[in-house]
Chemist: 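Handing you a structure now.
Sequence lines set the chain letters: A, B, ... in the order given, protein chains first and strands last, and positions in each chain run from 1.
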Number of protein chains: 2
Amino acid sequence: MARTTGSDGEKTEAAVREAAVSLIARLGYEAMSMRQLAAEVGVQAAALYRYFPTKEDLLFTLMREHMEGLLKAWEAARPASIDPVTRLAAYVENHIAFHIERRHATHVSNMELRSLSHERLTQILKMRTAYEKELRTILRDGAEAGVFQVDDTGLTAMALIQMMTGVIVWFRPGERLSIAEVTASYLSMTMRLVGATISHGTARRLGRARDAVAL
Amino acid sequence: MARTTGSDGEKTEAAVREAAVSLIARLGYEAMSMRQLAAEVGVQAAALYRYFPTKEDLLFTLMREHMEGLLKAWEAARPASIDPVTRLAAYVENHIAFHIERRHATHVSNMELRSLSHERLTQILKMRTAYEKELRTILRDGAEAGVFQVDDTGLTAMALIQMMTGVIVWFRPGERLSIAEVTASYLSMTMRLVGATISHGTARRLGRARDAVAL
DNA sequence: GAATTAATTAAACGTTCGTTTTATTATTCC
DNA sequence: GGAATAATAAAACGAACGTTTAATTAATTC
């Protein structure tokens, strides 16, 4: 047989991406076979090669789009304010919301880096570094303004990112805690960790987050 | 050919473990072939099967011994004191020291869980849970004694563990920061994160840690 | 120093892998 | 409605995989 009734390139490609993220997150990139992926999509393995020339191209595409999405999400969420506390709060909220919504894709982007070619690894790491630099800038500005107590900006940024991203390891939607509760907790942990001096405006802001949890 | 001059089972087994940890950490469990591992040890692939009946047995052995080592290290480091701040400081110091010294093995134990059979996964997770429970107990005791300000003991424990273990992702010995500096920074971040009330004795203890960094 | 045991090599087994080739059918275009 | 094109199936390719079997040699035992 050959082309099947109702088949459509765009639909198939979208289905491949979705199935690939889920399968790679569950089994790992090396452990997932192209035949397994094809079966999940309901297609023959050869059909996958119409959309992605190699298995690694598929992986890279998933990772690149995940990182591009993360950078775009932060661009959209980045506040106009220059207040470091406000900016840090926005960064934390955006980071947690983005990663909880994309648990599988985050898993893939964090765990399968070693399966990329050197050149592509560099591309992904460049995007990641740019994203992390945003946090370091916020921390440095806050430290210089005297509203944060931070020993080492780089170390603190890494610690915060590991802590926040780690939420995808244990968080399961619909269990004990809601996304809003988790976000509020991570926000207050972050602010304490950086020794944030709470201004009047900030206190009102954090108070609102806490009220939301109480609902 | 067959048995080689000077060959010895114990030496070979130790070499296999060592090479396996390093190769799996670098390439991933699925991506590492038994032939590759054998070549690294300087032996034929079939020789590996004298020590580990299957590839998965090898992985499981590495993970189990890593987790057993972690639990034993904490048993040895656990202070007699009932003061939550002292206990938390000991937990953080032990955790970071243990994981920095075993970066590769930690990588393997954290990243390759999905390659274990269900039964063996359960065994490893049981050990991990027992270890994490120690931290939750410290946090709960501290919260009940009023020396820690912690919203949610479980969530805080996970956040701290992710933050601390994450050190192996970016830390490289011999670069900008020493192990002592990193440990001291993580200790103070932890204490701020849990909102620790610093007593006189604790202040002296943390002060000593800070002095060590200044060396 | 012969017999036994431990450690290893060399070769092979069947399976699965990523990928390519070729053929076939559905859809689109004019 | 015929031609062109897009989307797929089916089958095959060579390579690599984990593992097993059989043979061989070093070390140990008595």
Side-chain angles (χ1 to χ4, degrees), chain A residues 1-24 26-63 108 112 114-120, chain B residues 1-24 26-63 108 112 114-117 120:
Chain A
M1 292 174 218
R3 183 168 186 173
T4 52
T5 309
S7 65
D8 172 331
E10 282 192 29
K11 275 189 208 164
T12 305
E13 178 167 353
V16 170
R17 285 166 194 255
E18 201 174 325
V21 167
S22 146
L23 273 182
I24 296 175
R26 195 163 79 238
L27 311 173
Y29 169 76
E30 296 283 352
M32 177 200 75
S33 76
M34 294 300 268
R35 286 170 178 83
Q36 232 175 330
L37 173 58
E40 190 85 3
V41 176
V43 111
Q44 288 293 319
L48 303 174
Y49 288 82
R50 175 156 279 275
Y51 305 100
F52 303 97
T54 69
K55 193 184 178 188
E56 197 213 317
D57 279 284
L58 168 57
L59 177 64
F60 178 64
T61 300
L62 298 177
M63 287 186 171
V108 173
E112 308 294 351
R114 59 187 160 204
S115 295
L116 292 178
S117 70
H118 180 75
E119 186 204 356
R120 286 171 160 178
Chain B
M1 295 174 215
R3 184 167 184 173
T4 53
T5 308
S7 64
D8 173 330
E10 282 191 31
K11 276 191 210 163
T12 305
E13 178 167 352
V16 170
R17 284 165 195 257
E18 203 174 323
V21 167
S22 146
L23 274 182
I24 297 175
R26 194 162 80 236
L27 310 172
Y29 169 76
E30 297 282 353
M32 177 200 74
S33 76
M34 294 301 267
R35 285 170 179 83
Q36 231 175 331
L37 174 56
E40 190 85 1
V41 177
V43 111
Q44 288 293 319
L48 304 174
Y49 288 82
R50 175 159 280 276
Y51 306 99
F52 303 97
T54 69
K55 192 183 179 189
E56 196 213 319
D57 279 283
L58 168 57
L59 176 64
F60 177 63
T61 300
L62 298 177
M63 286 185 171
V108 173
E112 307 295 351
R114 58 188 159 204
S115 295
L116 293 178
S117 70
R120 287 172 158 177

Chemist: Mind checking side-chain contact (heavy atoms from CB on, under 4.5 Å) for B:Ala45 and listing every partner two or more places apart, or none if nothing turns up?
Modeler: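 So B:Ala45 forms a side-chain contact (heavy atoms from CB on, under 4.5 Å) with B:Arg35, B:Ala38.
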Chemist: Under the side-chain contact (heavy atoms from CB on, under 4.5 Å) test, which residues partner A:Ala15, sequence neighbours left out?
Modeler: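 For A:Ala15, the residues satisfying side-chain contact (heavy atoms from CB on, under 4.5 Å) (neighbours in sequence not counted) are A:Val41.
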Chemist: Return the set of residues passing salt bridge (Lys or Arg N to Asp or Glu O under 4.0 Å) with A:Arg114 (not counting sequence neighbours), or none when no residue passes.
Modeler: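 Listed in chain order: B:Glu112.
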Chemist: Give me the residues of residues 54-63 of chain B where at least one heavy atom lies under 4.0 Å from an atom of DNA chain D, by number, or none.
Modeler: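 Listed by number, they are B:Thr54, B:Lys55.
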Chemist: For a quick test of reading the model, state the closest non-hydrogen atom pair linking A:Tyr29 to A:Lys55 and the distance between them.
Modeler: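 Scanning both residues, the minimum pair turns out to be O-NZ, 2.9 Å.
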Chemist: Taking CZ from B:Phe52 and P from C:dT8, how many angstroms apart are they, rounded to a whole number?
Modeler: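 About 13 Å, once rounded to whole Å.
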Chemist: Counting only non-hydrogen atoms, which of residues 26-45 of chain A are less than 4.0 Å from DNA chain C?
Modeler: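 Listed by number, they are A:Met32, A:Ser33, A:Met34, A:Arg35.
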Chemist: Who are the side-chain hydrogen bond (donor to acceptor under 3.5 Å, both in side chains) partners of A:Thr54, not counting sequence neighbours?
Modeler: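 A:Thr54 satisfies side-chain hydrogen bond (donor to acceptor under 3.5 Å, both in side chains) with A:Asp57 once adjacent residues are dropped.
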Chemist: Rounding to an integer number of Å, can you tell me how far B:Leu48 CG sits from C:dA6 C1'?
Modeler: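 So the two atoms are 16 Å apart, to the nearest Å.
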Chemist: Can you name the residues that form a side-chain contact (heavy atoms from CB on, under 4.5 Å) with B:Glu40, not counting sequence neighbours?
Modeler: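 Applying side-chain contact (heavy atoms from CB on, under 4.5 Å) to B:Glu40 gives B:Ala19, B:Leu23.
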Chemist: Below 4.0 angstrom from OP1 or OP2 of D:dT8, is there any side-chain N or O of A:Tyr51?
Modeler: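 Indeed, a polar side-chain atom of A:Tyr51 lies that close.
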Chemist: Could you work out which one of C:dA6, D:dA9, C:dA11 sits closest to the side chain of A:Ala47?
Modeler: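 The answer is D:dA9.
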Chemist: Within this structure, what is the CG-to-P distance between B:Leu23 and D:dG18, rounded to whole angstrom?
Modeler: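 Between P of D:dG18 and CG of B:Leu23: 12 Å.
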Chemist: Report the distance from atom OH of A:Tyr49 to atom P of D:dC13, rounded to the nearest whole Å.
Modeler: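 After rounding, the reported distance stands at 17 Å.
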Chemist: Can you name the residues that form a side-chain contact (heavy atoms from CB on, under 4.5 Å) with A:Phe60, not counting sequence neighbours?
Modeler: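 Checked A:Phe60 against side-chain contact (heavy atoms from CB on, under 4.5 Å); matches are A:Arg64, A:Leu116, A:Arg120, A:Gln123, A:Ile124.
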Chemist: CD of A:Glu18: more than 12 outside heavy atoms within 6.0 angstrom?
Modeler: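 Counting neighbours around CD of A:Glu18, 12 or fewer heavy atoms of other residues, nucleotides or ligands fall under 6.0 Å, so no.
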Chemist: For A:Thr12 and D:dT8, is the shortest distance between a side-chain N/O and OP1 or OP2 below 4.0 Å?
Modeler: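 For D:dT8, OP1 or OP2 has a side-chain N or O of A:Thr12 closer than 4.0 Å.
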